[in-house]
Protein chains: 2
Amino acid sequence: MNTQDLPANILDPNCPSRVIFQRIGDKWASLVIQVLGEGPVRFSELRKMVSVVTPKVLTQTLRALERDGLITRTVHAQVPPRVDYELTAMGESLLQPLSLLREWAESHVPTILEARDAYDDAQDEALLGSPSWAGRTGLPRG
Amino acid sequence: MNTQDLPANILDPNCPSRVIFQRIGDKWASLVIQVLGEGPVRFSELRKMVSVVTPKVLTQTLRALERDGLITRTVHAQVPPRVDYELTAMGESLLQPLSLLREWAESHVPTILEARDAYDDAQDEALLGSPSWAGRTGLPRG
DNA sequence: CCGTATCCTGCTTGATACTG
DNA sequence: CAGTATCAAGCAGGATACGG
């Protein structure tokens, strides 16, 4: 497998590479990964850190990540049950590309938000033809 | 704006950075971006390259990317209509983090697929207690 | 050629309640 | 504490048909 593969495969929805993109886009998965990037965390802690996600959804997320070999689940046989989740080596290796993406996001999100506002304004004007009425938002572009 | 922001914001589902992750996870958006990375492409070409996606869905994807300021839409007033889509500067800047992610995916996907298989096998055995029967049929739990 | 208009379906997400 | 079970809602994605 070389990295010079023709671009045809990345256009194939069946391309397994897509599974990663799915995980990234998953509402909670990427959050969990980044939290676990700082060390093992137990279930209840995870729930608290990731703004009160319901246990069902968190479990689904964790199971999916475990199935993909990105995290491990360790059950401590104790009277008060304790389960720790931790990144695997592969999971940790995902931290870097994820970080890069997060950095890109943080630095470009303001521009994106402005672009959306401008786009929506343009749509409004196109529909009405008369932008005489005062702008919706107090945020002019530029 | 430093990059040392407390990790609290990345855990907030309201954090605007999430919009990028959503786009990445979008079924067609990241594909379109990577296709457009090689130059402007017109609508029908895009449809062919990205394995026959329906026009509605492709339009949705393109509109969303345009609204975010990641691509531009250029209409050529011709007898046979011609519309070209092209990455903006910001869109191009997304190419690199995206590429990194794709490379990570391509190099780890085999391991992930193995992990999934192992996980599913373990589940089957846990349920049955007797893995004597030959390998799965490919369909876990009809 | 480049879309829009409808209608439809499955999956993701979640609220709520219950168990070892 | 760490989940599972059940039910319900919303929305992304898509099939099909039609319009500028």
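To find a chain, count down the sequence lines: A is the first, B the second, and so on, and within it residues start at 1.
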Exercise. Hey, does the side chain of Trp28(B) come within less than 4.0 Å of dA12(D)'s phosphate (OP1/OP2), counting only N and O?
Worked result: no
Exercise. Which whole-number value in Å describes the distance from Arg82(A) CZ to dC1(D) C1'?
Worked result: 11 Å
Exercise. Between dC1(D), dG3(C), dA15(C), which nucleotide has the shortest distance from any of its atoms to the side chain of Val83(B)?
Worked result: dG3(C)
For this session: Could you work out which one of dC1(C), dG14(C), dT4(D) sits closest to the side chain of Pro55(A)?
Result: dT4(D)
Exercise. Are Arg23(A) and Asp68(A) side-chain neighbours, meaning at least one heavy-atom pair lies under 4.5 Å?
Worked result: yes
Exercise. Taking only N and O in the side chain of Arg47(B), is any of them less than 4.0 Å away from OP1 or OP2 of dC2(C)?
Worked result: no
Problem set entry | Integer-rounded Å distance: dA2(D) C1' and Leu46(A) CG | 12 Å
Problem set entry | Presence of Tyr85(B) side-chain N/O under 4.0 Å of dC2(C) phosphate oxygens OP1/OP2 | no
Problem set entry | Working for side chain to side chain contact (heavy atoms under 4.5 Å, CB included), residues Leu98(A) and Phe21(B) | CA-CA 10 Å; Leu98(A) 218 53; Phe21(B) 289 76; 4.2 Å; yes
For this session: Measure from CD on Glu66(B) to P on dG3(C) and round the result to the nearest Å.
Result: 10 Å
Exercise. Would Arg42(A) and Glu45(A) pass as an ion pair if we require N to O under 4.0 Å?
Worked result: no
For this session: Not counting sequence neighbours, which residues clear side chain to side chain donor-acceptor pair (under 3.5 Å) with Lys56(B)? List them please.
Result: none
Problem set entry | Derivation and outcome, side chain to side chain contact (heavy atoms under 4.5 Å, CB included), residues Phe43(A) and Thr59(A) | CA-CA 9 Å; Phe43(A) 191 84; Thr59(A) 299; 3.6 Å; yes
Exercise. Please give, in whole Å, the distance from dT4(C) P to Gln123(A) CD?
Worked result: 10 Å
For this session: Can you figure out which of dC1(C), dC1(D), dA15(D) approaches the side chain of Pro81(A) most closely?
Result: dC1(D)
Exercise. dA2(D) P sits how many Å from Gln78(A) CD, rounded?
Worked result: 10 Å
Problem set entry | Steps toward side chain to side chain contact (heavy atoms under 4.5 Å, CB included) verdict (Thr61(A), Val50(A)) | CA-CA 12 Å; Thr61(A) 303; Val50(A) 179; over 6 Å; no
Exercise. Looking at DNA chain C, which of residues 58-65 of chain B put a heavy atom within less than 4.0 Å of it?
Worked result: Thr59(B), Arg63(B)
Exercise. How many Å lie between NZ on Lys56(B) and P on dC8(C), as a whole number?
Worked result: 13 Å
Exercise. Rounding to a whole Å, what distance do you find between Gln22(B):CD and dG13(D):C1'?
Worked result: 15 Å
For this session: Mind calculating the distance between CZ (Arg73(A)) and P (dT4(D)) to the nearest angstrom?
Result: 7 Å
Exercise. What nucleotide, of dC1(D), dC1(C), dG13(D), holds the atom closest to the side chain of Lys27(B)?
Worked result: dG13(D)
Problem set entry | Side-chain N,O (Arg42(A)) to OP1/OP2 (dA2(D)) below 4.0 Å | yes
Exercise. Is any side-chain N of the basic residue among Asp120(B) and Arg67(A) closer than 4.0 Å to the acidic one's carboxylate O?
Worked result: yes
